[in-house]
Amino acid sequence: MSSSQSTLQLENTYVSLMRGLRQLDLRGPGVPSDLVLTGDNAFPLAMNSQGQVLMAASMYGSGRIVVLGHESYLGTLPDFVVNAINWLKEGKAPNVPVGVHVHSKHVAEKLQSTFKFEIMNNFSSDKGIGVYVTDAYSVEAKAKDIIEFMKSGGGVLIGGQAWSWAHGHPKDNTLLQFSGNKVSGVTGVYFSKHEGKAECIPVYPKIPASWMSVVIGRDFEDDLDFLLQGISEFDLMNGVVASELLIHGPLAFPIGTTPDGRAFLAGAYYGQGRVVVITHEGLMKRETLAPFFTNALHWLDEGRQGVIGVSPDLNQAFEVFKKFDLNCVKTNFRKDLSVYVGTVYKGDQIEEMQEFVAEGGGLLLGGHAWHWASCNKDKNYMTEFAGNKILNKMGMTLLEKYITDGAYKPPVPSQAIKNTYHFRHVLHKFAGHVTKGENLDKHEEEWLSKLSGDCATYLHMDANSNNYKQILHTFTEIIKEAGMPQVCESSPVKSARDKFLLNVGTEVYKVHPNIHELLPYLIKNNPLLPVVYNQHINIDVDTADGEEWVSTGLYLSPGMRTYMALPANIVNKGWNVQIGCQTDKLHNAAELKRAPCVYERFPVTAEMMEVHNLWGGLIYLVAPPKTQVTGAEVIVQMAVPAPYYKSGVTSLQAWQLLRTAPAPWAELEFENIIFTVPSEEVRSLDHPDKLAELWDKIMRAIADLAVIPHKFKRKERFLCEVQISHGWMHAGYPVMAFRAPAATIVDVNYTKTKPIWGVIHELGHNQQRASWEFPDHTTECTCNLWSLYVHETVLGFPREKCEPAMDKSNRRSRMEEYLKKGRNLKDWNTFVALETYVQLVERFGWDSIKKVFAAYHTMQKVPGDNKGKMNLYCETFSVTVAMNLTGFFKAWGWPIESDTEQKLSKLPAWTDHPLAKYK
């Protein structure tokens with residue numbers, strides 16, 4: 001069942017239960033309990049103005065349940081009770097009897113003309129009932145029988161409150177020990193110890209939701225007191241790599257976290273049982289953690305003194321556990337255990353394990369998700385990883401993020417809620433801050449950044465439960481109340497609050513069921529741009545080892561949606577549609593001049609697809625590596641035309657109109673490079689053909705120095721935008737740069753008269769090869785060889801005028817300073833290191849460098865360490881120029897070995913090199 005179908009089913013159920021009702025008057029002498037809802041199937045029917053749930057429904061097995069927060073509602077809401085019984089007996093014979101516990105016989109007396117009733121002193125299925133009506137205080141003796149009745153398709157209507165019981169049993173666990181919870185808790189609906197405020201509640205057209213309902217269902221102080229007895233720290237030392245755990249359920253709680261709030265150990269209530277998760281199975285065998293696991297297994301066993309089953313693949317953990325005062329056996333999972341200990345990697349008994357815990361069993365799981373996620377990048381690890389299929393319903397999710405080793409202090413139980421990060425708690429507090437102006441304390445403010453990331457992560461889960469719906473509703477209320485910051489260069493975002501709104505608003509848009517309703521709160525100024533219809537795009541690709549973006553010359557405005565018709569031969573073949581050219585992510589930036597992530601990808605899985613992006617963007621087809629497609633055609637239903645010039649395709653006459661196209665981004669595609677720049681930079685570009693001619697020469701020169709064919713296997717891309725992830729520019733596909741260089745790279749006169757060193761520097765990075773690179777020494781050095789070569793051979797700049805650092809006096813002083821410091825390789829980098837290569841060029845010419853690079857193209861078994869690679873480079877260059885260069889490289893501080901000197905000893909030595917005069 002898909003998420004949308006499941007949500008629709010729940011909504012239809014709600015409508016059925018509320019048919020004909022306009023309000024639910026819950027006022028009266030009785031004070032109801034606030035109900036706590038967990039799992040995928042539980043959902044509220046009545047929620048008061050404080051977000052408290054006073055009536056709820058759920059499903060379990062093949063059966064159903066309706067839970068009322070006070071038993072008096074069985075009598076005061078007859079119309080609702082009729083709807084409830086009709087829903088509970090749906091699919092059964094019309095005359096199937098409704099069983100009623102004797103304490104609730106007034107229901108039968110009031111509705112005897114509507115249903116056939118069977119009054120019972122205690123539950124029994126012998127009389128063929130289809131529904132059982134009872135108060136919450138009369139089910140304990142028959143709880144297991146009622147659960148089996150539900151599992152096999154029966155319906156239960158139960159009413160009661162637990163707060164008075166909790167007052168009389170202050171040391172008991174209401175969630176597990178209150179009579180009604182021994183039935184309803186299995187279905188994910190609990191009577192809590194908290195009083196609910198009774199109101200006359202309107203019946204809403206959809207399942208009620210409120211940010212105030214996103215709370216933690218228990219304070220967990222007693223649980224932590226038990227679990228942390230005698231624990232002073234959690235030992236995650238010695239190289240263990242554990243996953244981070246997202247704790248999102250109302251009855252899930254952190255046990256062990258890093259100081260910045262990332263959990264690696266957690267517990268939860270699920271149904272009548274309990275769960276503990278540690279995010280690396282190797283930690284279960286550690287003697288230093290044995291005291292905790294002793295506590296955990298006793299907590300999970302709940303005093304039953306039953307059998308603890310340990311999976312056979314946890315043999316070392318078993319050896320530790322069997323020393324405890326518990327009945328531990330090595331076994332695969334089976335239902336007669338009290339507690340089962342296993343890993344998160346097996347997916348063959350997921351539903352059985354969930355049922356085992358729901359009906360009272362204990363579960364201790366160990367394992368991480370980061371490795372699976374890294375090996376299955378095409379899958380959603382949050383929903384498809386076996387461990388998360390088990391844990392998601394229990395309110396916990398293993399993340400692909402990992403936690404490095406360390407020794408971490410446990411929380412103080414009495415202060416855990418206040419001082420330990422919990423997703424729901426911080427989200428609830430932030431929602432109160434936005435909607436009611438409530439203050440955040442120091443911890444809550446510090447946690448906003450983490451909350452922002454966790455919210456975005458959480459929204460990648462299946463929208464398959466009421467808990468997801470309630471949290472999504474909370475996000476929506478926050479965005480509607482606060483709005484999303486209209487981030488731009490002149491109005492940057494700096495505060496954690498605004499970063500949260502910006503990040504979460506973006507993510508909510510992707511999953512919200514009614515984005516048209518939400519869009520005005522996200523984008524305030526979104527002018528309508530002229531569009532074109534049914535644009536045909538021809539696709540011809542022959543990709544090498546990397547993916548390739550295919551430009552369409554079309555753009556989508558923010559929030560604009562369009563359909564694309566795609567050829568059958570690219571469906572489910574690794575292709576994507578990408579909306580947006582700015583692929584740098586800015587999540588770690590202190591100040592934001594745009595949203596952290598402004599592009600979106602859609603895997604091509606059908607011949608007709610709808611695509612969109614909150615932030616808009618240019619439309620691309622992304623071809624996977626090693627793909628050949630010829631003559632394919634894509635049709636874009638509706639889009640905004642962009643200024644797009646392609647050498648050999650776009651005529652000068654056509655360009656005169658195209659350069660005025662309304663999209664804010666323009667692309668210039670030449671023989672070997674594609675520039676993406678703000679459109680205003682090309683509005684006055686009269687001759688893109690002359691610009692193309694210049695850049696064709698530049699790119700061929702780059703190919704010449706790299707000794708590769710003039711026609712690149714993949715055209716380079718160069719993008720100028722408002723903010724990038726690091727540096728002034730950085731290499732990649734595309735090369736990313738701030739906006740300022742855009743005006744220079746599309747101006748022929750500028751490029752011919754003023755150096756563009758940085759631009760070629762980044763393109764040079766893309767030509768660097770690990771075999772002749774010595775990181776970190778040459779990372780920012782050898783790429784400059786391309787800057788120097790292009791400026792000298794294509795643009796005609798004298799060497800000393802290409803870059804201020806290349807001035808002769810600067811070169812000399814830099815070299816002498818290096819020598820004066822003792823020729824330490826730690827100082828041999830950037831322009832100091834470049835001087836070494838320039839001296840080689842000045843003596844042996846550019847052809848020598850080219851021949852060296854060519855030799856590496858076919859070289860086998862290159863060393864992996866810098867020392868080995870430097871010796872190989874010395875040998876290769878010496879052989880290339882037929883001269884022994886060991887003295888030269890040693891003079892520069894290179895670690896030249898005697899074996900290398902011996903190999904080259906027969907070649908004439910370069911004795912008059914530039915460093916020979918320096919002692």
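- Heavy-atom neighbours of Lys890 NZ from other residues, nucleotides or ligands within 6.0 Å: at or below the threshold of 12.
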**Report entry** Glu281 vs Tyr345, side chain to side chain contact (heavy atoms under 4.5 Å, CB included): CA-CA, chis, key distance, verdict
**Finding:** CA-CA 10 Å; Glu281 71 279 11; Tyr345 308 121; 2.6 Å; yes
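- For the atom pair Asp807 CG and Lys801 NZ, the distance stands at 7.5 Å (nearest 0.5 Å).
- Although no hydrogens or angles enter the test, the distance criterion places a donor-acceptor pair under 3.5 Å between the side chain of Ser243 and the main chain of Leu399.
- In this pair, Trp728 and Phe738 present their aromatic rings parallel. The plane angle is below 30°, not in the 30 to 60° band.
- We find the NE2-CG distance between His726 and Asp584 to be 7.0 Å, quoted to the nearest 0.5 Å.
- Not one N or O on the side chain of Arg799 forms a donor-acceptor pair closer than 3.5 Å with the backbone of Glu792.
- Looking at heavy atoms from C-beta onward, Thr676 lies out of side-chain contact with Trp549 at the 4.5 angstrom threshold.
- Here the closest heavy-atom approach between residue Val682 and residue Ala666 is recorded as CG2-CB, 3.6 Å.
- Summarising the local packing, CG of Asp405 is surrounded by more than 12 heavy atoms from other residues, nucleotides or ligands at distances under 6.0 Å.
- A heavy-atom distance below 4.5 Å is not found between the side chains of Leu618 and Thr552.
- A parallel orientation is assigned to the rings of Trp786 and Phe853, their planes being inclined by less than 30° (bins at 30° and 60°).
- Using a 4.5 Å heavy-atom threshold, the side chains of Thr751 and Val759 count as separate.
- Between the side chain of Glu762 and the backbone N or O of Val735, no donor-acceptor pair lies under 3.5 Å.
- Shortest non-hydrogen contact noted between His730 and Ser725 is NE2-OG, 3.4 Å.
- Within a 6.0 Å sphere centred on CG of Asn588, other residues, nucleotides and ligands contribute 12 heavy atoms or fewer.
- Below 30°, between 30° and 60°, or above 60°: for Tyr873 and Trp894 the angle between ring planes is between 30° and 60°, a tilted geometry.
- Between the Gln578 side chain and the Gly580 main chain, a donor and an acceptor come within less than 3.5 Å of each other.
- In this model, a donor atom of one side chain and an acceptor atom of the other lie less than 3.5 Å apart for Thr836 and Trp828.
- Remark: side-chain polar atoms of Arg286 are paired, donor with acceptor, to backbone N or O of Asp235 under 3.5 angstrom.
- His765 places no side-chain N or O within 3.5 Å of a backbone atom of His761 that could act as its donor or acceptor partner.
- Across Arg717, Arg714, Arg601, a single residue satisfies salt bridge (Lys or Arg N to Asp or Glu O under 4.0 Å) together with Glu547, and that is Arg601.
- In this structure, Leu840 and Trp910 have side chains that are in contact, with non-hydrogen atoms separated by less than 4.5 Å.
- Using a distance-only test at 3.5 Å, with no hydrogens or angles considered, a donor-acceptor pair links the side chain of Asn784 to the main chain of Glu780.
- Counting heavy atoms from C-beta on, the side chains of Tyr818 and Glu835 never come closer than 4.5 Å.
- Once rounded to the nearest 0.5 Å, the distance linking CG of Asn749 with OG1 of Thr744 reads 12.5 Å.
- Using bins of under 30°, 30° to 60° and over 60° for the plane-to-plane angle, the ring pair Phe888/His913 lands in the perpendicular bin.
- In this structure, the separation between CG on Asp545 and NZ on Lys713 is 6.5 Å, given to the nearest 0.5 Å.
- In this structure, Thr900 and Ser878 have side chains that are not in contact, with every pair of non-hydrogen atoms separated by 4.5 Å or more.
- Between the side chains of Trp892 and Gln839, at least one donor N or O lies within less than 3.5 Å of an accepting N or O.
- The backbone N or O of Val707 lies less than 3.5 Å from a partner atom in the side chain of His857, making a donor-acceptor pair.
- Counting only distance, with no hydrogens or angles, the side chain of Thr543 and the backbone of Pro624 share a donor-acceptor pair below 3.5 Å.
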Report task. Please test Thr778 against Glu773 for side chain to side chain donor-acceptor pair (under 3.5 Å), starting from the C-alpha separation and ending with a verdict. Result -> CA-CA 6 Å; Thr778 56; Glu773 275 293 292; 3.1 Å; yes
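- For Phe712, there are no ring pair (Phe, Tyr, Trp, His ring centres under 6.0 Å) partners two or more places apart in sequence or in a different chain.
- Taken to the nearest 0.5 Å, the CZ atom of Phe602 stands 4.5 Å off from the CD atom of Glu600.
- In this structure, the side chains of Tyr402 and His368 stay at 4.5 Å or more apart for every pair of heavy atoms.
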Requested in this report: Give the intermediate values and the outcome of side chain to side chain donor-acceptor pair (under 3.5 Å) for residues Asn376 and Glu384.
Outcome: CA-CA 10 Å; Asn376 295 272; Glu384 296 182 67; over 6 Å; no
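- Within 6.0 Å of the NZ atom in Lys850, the count of heavy atoms belonging to other residues, nucleotides or ligands exceeds 12.
- Looking at every heavy atom in both residues, Leu904 comes nearest to Asn884 through O-ND2, 3.1 Å.
- Looking at Asn672, its side chain does come within 3.5 Å of a backbone N or O of His710 through a donor-acceptor pair.
- Of the inter-residue distances, the one linking Arg811 atom CZ with Lys808 atom NZ reads 8.0 Å to the nearest 0.5 angstrom.
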**Report entry** Intermediate values then yes/no, side chain to side chain contact (heavy atoms under 4.5 Å, CB included), Phe877 and Ile849
**Finding:** CA-CA 8 Å; Phe877 213 116; Ile849 293 275; 3.7 Å; yes
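- The two atoms that bring Met859 and Thr876 nearest to each other are CE-OG1, 3.7 Å, heavy atoms only.
- The aromatic rings of Trp757 and His791 lie tilted to each other, with the angle between the two planes from 30° to 60°.
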Query - From CA spacing to verdict: side chain to side chain contact (heavy atoms under 4.5 Å, CB included), Tyr620, Cys581 - result: CA-CA 8 Å; Tyr620 300 94; Cys581 55; 3.3 Å; yes
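- With sequence neighbours excluded, no residue satisfies side-chain hydrogen bond (donor to acceptor under 3.5 Å, both in side chains) with Asn613.
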Query raised in the report: Is there a side chain to side chain contact (heavy atoms under 4.5 Å, CB included) between Asn871 and Ile896 once you walk through the steps?
Result: CA-CA 6 Å; Asn871 275 272; Ile896 303 302; 3.9 Å; yes
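- No side-chain N or O of Ser647 forms a donor-acceptor pair with one of Glu671 less than 3.5 Å apart.
- Counting heavy-atom neighbours within 6.0 Å of Lys851 NZ, excluding the residue itself, gives a total of 12 or less.
- Within a 6.0 Å sphere centred on NZ of Lys715, heavy atoms belonging to other residues, nucleotides or ligands number more than 12.
- By the 6.0 Å contact criterion, CD on Gln902 is open, its count of non-hydrogen atoms from other residues, nucleotides or ligands being 12 or less.
- Side-chain contact between Val832 and Glu817 is absent, with no heavy atoms from C-beta onward closer than 4.5 Å.
- Of all heavy-atom pairs between Ile403 and Phe264, the closest is CD1-CB, 3.8 Å.
- Using cut-offs of 30° and 60° on the angle between ring planes, the pair Trp372 and Phe385 is tilted.
- Nearest heavy atom pair, residue Ala369 against residue Leu398, reads CB-CB, 3.7 Å.
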